[in-house]
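Notes for the one structure printed next.
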Amino acid sequence: MEDDTKTRFAEKHQDLQQELDKLKSQEEELFKEMQSFITQKSHVDAKIKTLGKIVPTLKNLKLEAQTLVNTIHDIAESSETISNKVRNLDRARSRVEECQQRVGDLIDLELCSQGVQTAILNEDYEKGAGHVHRFLSMDQSLLQRTATDVENISSVLKAVRTLQDAASQLRTIVQHKFDEAVKMEDLGSVERFFKIFPLLGMHDEGITKFCNYLCGKLEETAQKNLHTALNTSLSDKRYNVIYADTLTLLFEGLARIIDIHQPLVETYYGPGRLLSAVSLLQKECDKQVKRIIIEFNKHRQVNKKINQITEIGKMSNSSSFSKIEKFDPKEVDILIQEITIMHVRVELYIKFIRRKVLGDIEISTAVAEERIKSIAALDKLINSSDLSRSKHELLSHYLQLEQYFMEESVSKAVSMDTPDNSQHTSSMVDDTFFIIRKCIRRAISSGSLDGICAIINNACGVLENDFCAILRGRLRQGYPSGYLDLTQAYNVLQTSIQQGRLQPGDTEQIRTAFIIALNNADASTEYVETLCDSVLYDVQQAIPNMNTNERGKLESCLSGLSSVITNLRDVIEYGMQQLRASAIKPRISPWVDSFLNINHQLSEDELSEYEAGESFVQTLIMNLDSLLSSFKESLTSSNYDGLVKMLTTEVTARLEKVILKSTFNRLGGLVLDKEVRALASYLTTTTTWSVRDKFARVTQIATILNLERVSEISDYYGNEGSLTWRLSPPEIRTIMGLRSDFKSDDVRRLKL
Amino acid sequence: MEDFKFLFKVVLVGNAGVGKTCLVRRFTQGLFPPGQGATIGVDFMIKTVEVDNEKVKLQIWDTAGQERFRSITQSYYRSAHALILVYDISCQPTFDCLPDWLREIEEYASSKVLRVLVGNKIDREDREIPTVVGEDFAARHNMYFLETSAKEAENVERLFMKIAEDLMQQARSKDLPRYDSNTTNISGRTSAVSDNSCCSKLA
């Protein structure tokens with residue numbers, strides 16, 4: 001019970017204490033605040049004093065402001081009265097003008113109604129139409145109202161009726177005359193009446209009639225051109241592109257019509273009429289293009305070839321023996337050429353139409369919404385035209401044929417592969433890249449970005465799937481070991497390839513084929529790079545105004561092409577591994593292993609004897625040199641570098657292994673250090689890059705074994721910036737243990 | 001240069017008028033363009049998304065459905081990481097063509113490509129293909145399946161995000177062990193090609 005009270009008391013006490021502390025801190029805070037108030041007081045006082053001084057000034061200011069407001073108010077009122085007067089004046093003036101206009105209209109009405117009949121009688125239709133035009137430009141309802149205002153109503157109404165009659169009379173006459181002129185092929189009269197239509201408010205009729213007339217003309221010429229084309233003899237030098245020529249003639253004719261008549265339409269009908277004219281002409285254009293393409297497809301047997309290609313594709317996919325005879329890619333070469341020309345002509349004509357109509361829309365419509373509507377109508381006209389459809393079909397045919405051409409030509413280049421004596425490569429590299437470049441260039445000349453991208457994608461497929469696979473396949477054969485003489489092998493290979501097939505089992509030939517495949521892969525990486533650069537440049541020249549989206553498309557496809565390089569590097573790496581397993585490792589191991597047969601605990605005498613004779617490293621360098629020199633001539637420089645790199649890795653790894661199996665004394669260590677240096681400096685001379693890095697471990701091992709005393713390691717180890725050690729402390733201890741004259745206790749006691 | 005670790009190519013295919021362009025527009029621009037005209041050739045859009053705190057760039061190729069563009073669109077199959085095959089749930093013929101599309105995919109695309117079947121336009125009342133029929137078809141052909149509405153923005157985000165996640169997982173499981181010792185090389189082949197490397201220099 002007492003305990004309970006105690007604890008409660010203690011708790012209470014604690015609470016109280018806390019409360020007290022809180023109060024204390026509050027007090028302190030309050031005190032601080034008061035302190036700051038006191039310090040601020042003088043400052044606030046000064047402020048109040050200055051404010052007191054300003055008060056009278058402010059009072060003055062208020063008075064002056066009030067006066068200003070009053071003045072402004074007065075001015076506003078008077079200006080209101082003035083503007084009211086001006087408005088009245090303006091209204092009066094506009095009424096006077098309107099009046100004048102009405103009087104003018106009345107006078108003109110009288111004149112026109114008098115003149116129009118005479119004009120019609122005199123067959124002066126321009127004058128008559130001019131009168132009607134003047135009459136039509138008057139506000140008809142206003143005219144009625146004027147008539148009721150004027151005293152002699154009947155004369156005005158009569159004039160109006162006369163003119164209305166004359167208008168309809170003229171309309172019939174002009175239509176009739178126009179049709180007659182068309183029938184008579186009287187170009188002068190056609191144009192004459194064409195100009196009269198708009199005066200009679202018959203804009204649409206005029207355009208339609210005139211365009212129909214032009215279409216007729218166009219059809220006539222197009223028929224004639226197509227007829228000539230069909231009768232072109234095989235020996236004619238334009239025979240191979242005769243359909244492209246016919247198409248070109250058609251477009252040139254159309255473009256000429258548009259160029260000649262656009263100003264005429266614009267002058268007499270006003271701007272903004274081109275779209276309707278072009279859409280009328282487009283119908284005829286579609287008709288004629290279709291005709292040409294039908295003849296083209298028929299005579300060039302396009303569909304037959306496409307079907308053949310599809311069949312061949314199906315056959316090779318189902319991997320059964322092809323029953324269909326493949327045809328020579330050269331056969332389609334000329335056809336492809338013609339299709340690209342046809343395609344680019346269509347492309348150019350469509351661009352021409354777009355440019356013309358857009359220009360017309362630009363000057364005729366000021367309202368943005370209207371303009372967007374007109375442009376949409378133009379796009380619809382172009383996209384839904386047979387012309388566009390034909391263009392897409394041409395492109396589709398082109399792509400299928402080009403794909404066949406590319407694949408077949410490359411496979412032909414591979415089958416006709418011959419080593420190139422002056423280079424390290426064989427003909428398939430040059431030939432393949434020549435073909436691919438040709439195809440891409442041809443795609444560029446078609447003017448279609450989608451076509452270019454598709455061909456780049458296809459080229460990528462051919463390179464990755466076919467070309468790289470063939471190189472890899474040749475490397476898979478491996479590099480048979482044994483001694484070799486490459487120059488001799490070269491000649492053998494050349495003749496055997498020319499005769500047909502490689503004889504399996506002929507190691508010399510397999511070796512040469514292997515080396516060439518390796519070099520081909522290396523040379524191809526450069527070709528791909530150049531190809532990417534030049535394609536980008538060429539496309540930018542051919543299609544100068546690509547938007548960001550189009551550019552992105554192209555660049556993405558090109559990045560696919562440049563990733564072929566990664567594939568090629570893999571092929572090279574694969575070849576190097578093959579080479580390492582069969583030619584490098586088995587040769588190097590015994591050479592390096594002979595290190596184990598040598599005594600590394602030398603006396604002074606033994607040392608001088610060893611140095612006088614042929615040392616280990618001299619023999620090794622001699623062997624390596626003869627091994628490398630057998631490859632030096634036959635490998636490309638970067639492949640040779642790769643070989644040296646791989647060989648260096650092998651030698652140093654093997655050397656490290658045998659060193660760890662030997663024991664050394666001071667002089668033995670000295671010799672090793674010298675020999676390692678000699679080896680490193682020899683390998684450095686064989687290549688363009690530094691082998692030092694690959695030698696780092698072995699060099700450090702030699703340094704340790706060449707120490708005077710155990711403690712000397714501290715000169716190399718531990719102090720900052722002395723050496724980047726590739727060996728771990730346990731490894732260092734193990735290596736020191738190889739020195740027979742180092743006490744193992746000393747080594748163990750080392751602080752590393 | 002943009003900082004993204006992965007770049008994947010996604011190609012949309014399917015009959016004309018099933019809504020491929022609308023799906024892409026909805027995903028990349030967040031809008032549904034009414035009265036969309038037929039796509040000509042191929043269109044190309046890019047969107048960067050984030051998966052597991054990693055930036056993933058999706059390069060989306062929207063192909064024309066019309067037959068006459070087939071030879072253009074086919075050329076994009078080979079390098080695609082994912083193929084989205086779209087049909088219109090309110091139009092039986094677009095579903096009936098799926099086997100033809102699959103045959104084309106078999107022929108031209110890589111065997112490892114991620115294949116997704118999408119039934120679009122679920123906002124429409126006049127459904128002709130029940131969900132289960134689509135599901136069944138997808139299951140039989142080892143495809144991922146989803147029904148979407150580009151108009152109502154339903155499942156569109158999910159579709160592309162799922163693809164990004166799957167591809168990333170695939171890339172990681174495939175490539176990390178191989179390039180473990182040599183991290184600098186990751187961008188070379190794994191599918192993440194950096195933006196500037198397109199024309200000549202690869203890391």
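In what follows, chains are A, B, ... by sequence order, proteins preceding strands, each numbered from 1. Because only heavy atoms are used, hydrogens play no part in the values below, and waters and symmetry mates are left out as well, while side chains stay in.
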- salt bridge (charged side-chain N to carboxylate O under 4.0 Å, His left out) test vs E147(B) passes for just one of R127(B), R158(B), K121(B), R124(B), namely R127(B)
- Message: side-chain contact (heavy atoms from CB on, under 4.5 Å), that's the test. Do W61(B) and S556(A) meet it? Break it down for me.
- Response: CA-CA 11 Å; W61(B) 295 87; S556(A) 165; 3.2 Å; yes
- Message: Cation-pi check for F160(B) against K47(B): NZ or CZ below 6.0 Å from the six-membered ring centre and within 45 degrees of the axis, yes or no?
- Response: no
- Query: Is it the side chain or the backbone of E464(A) that comes within 4.5 Å of chain B heavy atoms, both, or neither?
  - Reply: side chain
- Task: Check each atom of R68(B) against the heavy atoms of chain A and say whether the ones under 4.5 Å are side chain, backbone, both or neither.
- Result: both
- What residue in G37(B), S71(B), A38(B) has the most heavy-atom pairs under 4.5 Å with chain A? S71(B)
- Item | chain B interface, residue from C557(A), C460(A), C453(A) that has the most non-hydrogen pairs under 4.5 Å | C460(A)
- Item | chain B contact via D379(A) - which portion, at a heavy-atom distance below 4.5 Å | neither
- Message: Is it the case that the side chains of Y404(A) and Q308(A) hold a donor-acceptor pair, with the cut-off being a distance below 3.5 Å and no angle test?
- Response: no
- Message: Just checking F137(B) against F145(B), ring centres under 6.0 Å apart?
- Response: no
